[in-house]
Amino acid sequence: MEENKDKKVIMLSLASLLIGSLLYIFGMSLDNQMTMIVNYAIAMLLYICSFLAVFNNNKINPKAIYKYLMVLSSFLLILITIASLSKMI
């Protein structure tokens with residue numbers, strides 16, 4: 001039962017990162033500044049939710065995959081922030 005929960009958390013975290021990345025890429029491809037900001041905010045919220053879900057499960061059951069997913073979501077959050085700032089300037 002515990003293994004199913006771990007798989008579910010990992011899959012939902014990866015799905016959240018994928019959806020956030022796709023939304024952000026879509027927002028960057030448009031020339032509208034407001035659309036880019038809205039898609040950035042949604043992607044940022046998805047990354048933060050993914051990080052928090054994995055972080056809470058890591059406190060209960062520490063695993064290396066949880067640490068990897070936390071680093072991945074942090075890296076993506078930093079990456080989209082830098083890309084957004086460079087496009088706005």
Side-chain angles (χ1 to χ4, degrees):
M1 187 70 169
E2 185 70 27
E3 188 173 315
N4 288 338
K5 184 182 176 200
D6 291 342
K7 285 183 183 179
K8 185 177 179 182
V9 168
I10 292 168
M11 293 303 290
L12 287 176
S13 175
L14 288 173
S16 174
L17 294 174
L18 176 68
I19 291 171
S21 298
L22 291 175
L23 276 173
Y24 180 71
I25 291 169
F26 174 71
M28 288 291 283
S29 67
L30 300 175
D31 289 332
N32 190 353
Q33 188 88 10
M34 190 62 184
T35 305
M36 185 184 71
I37 292 171
V38 169
N39 284 344
Y40 167 74
I42 293 171
M44 187 173 60
L45 289 174
L46 283 169
Y47 293 154
I48 291 171
C49 289
S50 172
F51 180 87
L52 290 175
V54 173
F55 179 74
N56 287 334
N57 281 304
N58 188 42
K59 286 194 304 188
I60 296 169
N61 187 12
K63 289 187 175 181
I65 188 76
Y66 290 152
K67 291 173 182 64
Y68 172 74
L69 288 173
M70 287 190 293
V71 169
L72 182 64
S73 60
S74 299
F75 174 74
L76 286 173
L77 184 64
I78 292 168
L79 185 69
I80 68 165
T81 302
I82 292 170
S84 294
L85 289 176
S86 67
K87 183 142 183 172
M88 286 182 195
I89 294 175

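Every heavy atom of this structure was used, including side-chain atoms; hydrogens, water molecules and symmetry mates were not.
A heavy-atom distance below 4.5 Å is found between the side chains of Met70 and Lys67.
No donor-acceptor distance shorter than 3.5 angstrom exists from the side chain of Asn61 to the backbone of Asn57, with no hydrogens or angles considered. Formation of a donor-acceptor pair under 3.5 Å by the Ser73 side chain with backbone atoms of Leu69 is found in this model.
The side chain to side chain donor-acceptor pair (under 3.5 Å) test with Thr35 is passed by exactly one of Asn32, Asn39, Asp31: Asn32.
Counted by atom type alone, Ser13 and Ser50 present one or more donor-acceptor pairs between their side chains at under 3.5 Å. At a cut-off of 3.5 Å, with distance as the only test, no side-chain donor of Ser74 or Tyr47 sits close to an acceptor on the other residue.
Within the model, atoms CD1 of Ile37 and CE of Met88 stand 4.0 Å from one another, a figure rounded to the nearest 0.5 Å. Note: Met44 CE to Tyr24 OH = 11.5 Å, rounded to the nearest 0.5 Å. In this structure, the separation between CD1 on Ile78 and OG1 on Thr81 is 7.5 Å, given to the nearest 0.5 Å. For the atom pair CG of Leu45 and OH of Tyr40, the computed distance is 10.0 Å after rounding to the nearest 0.5 Å. Taking CG of Leu14 as the start and CD1 of Ile65 as the end, the distance is 7.0 Å to the nearest 0.5 Å. Interatomic distance, CG of Leu52 versus CG of Asn58, reported as 12.5 Å (0.5 Å rounding).
Follow the hydrophobic side-chain contacts under 4.5 Å out from Leu85 and you never reach Leu76; the two are in separate clusters. By the criterion of side-chain heavy atoms lying less than 4.5 angstrom apart, applied directly or through intervening Ile, Leu, Val, Met, Phe, Trp or Tyr residues, Met11 is not grouped with Tyr66; the two fall into different hydrophobic clusters. By the criterion of side-chain heavy atoms lying less than 4.5 angstrom apart, applied directly or through intervening Ile, Leu, Val, Met, Phe, Trp or Tyr residues, Val54 is not grouped with Val71; the two fall into different hydrophobic clusters. One hydrophobic cluster, built from ILVMFWY side chains closer than 4.5 Å, holds both Ile19 and Val38.
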- Chi angles and distances behind the side-chain contact (heavy atoms from CB on, under 4.5 Å) call for Asp6, Lys63: CA-CA 10 Å; Asp6 291 342; Lys63 289 187 175 181; 2.6 Å; yes

- Task: Would you check, one step at a time, whether the test side-chain contact (heavy atoms from CB on, under 4.5 Å) holds for Leu22 with Phe26?
- Result: CA-CA 6 Å; Leu22 291 175; Phe26 174 71; over 6 Å; no

- Verdict with supporting geometry, Leu77 and Phe51, side-chain contact (heavy atoms from CB on, under 4.5 Å): CA-CA 10 Å; Leu77 184 64; Phe51 180 87; over 6 Å; no

- Does the pair Leu17 and Leu46 meet the rule for a side-chain contact (heavy atoms from CB on, under 4.5 Å), with working shown? CA-CA 7 Å; Leu17 294 174; Leu46 283 169; over 6 Å; no

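The two atoms that bring Ala53 and Val9 nearest to each other are O-CG1, 4.5 Å, heavy atoms only.
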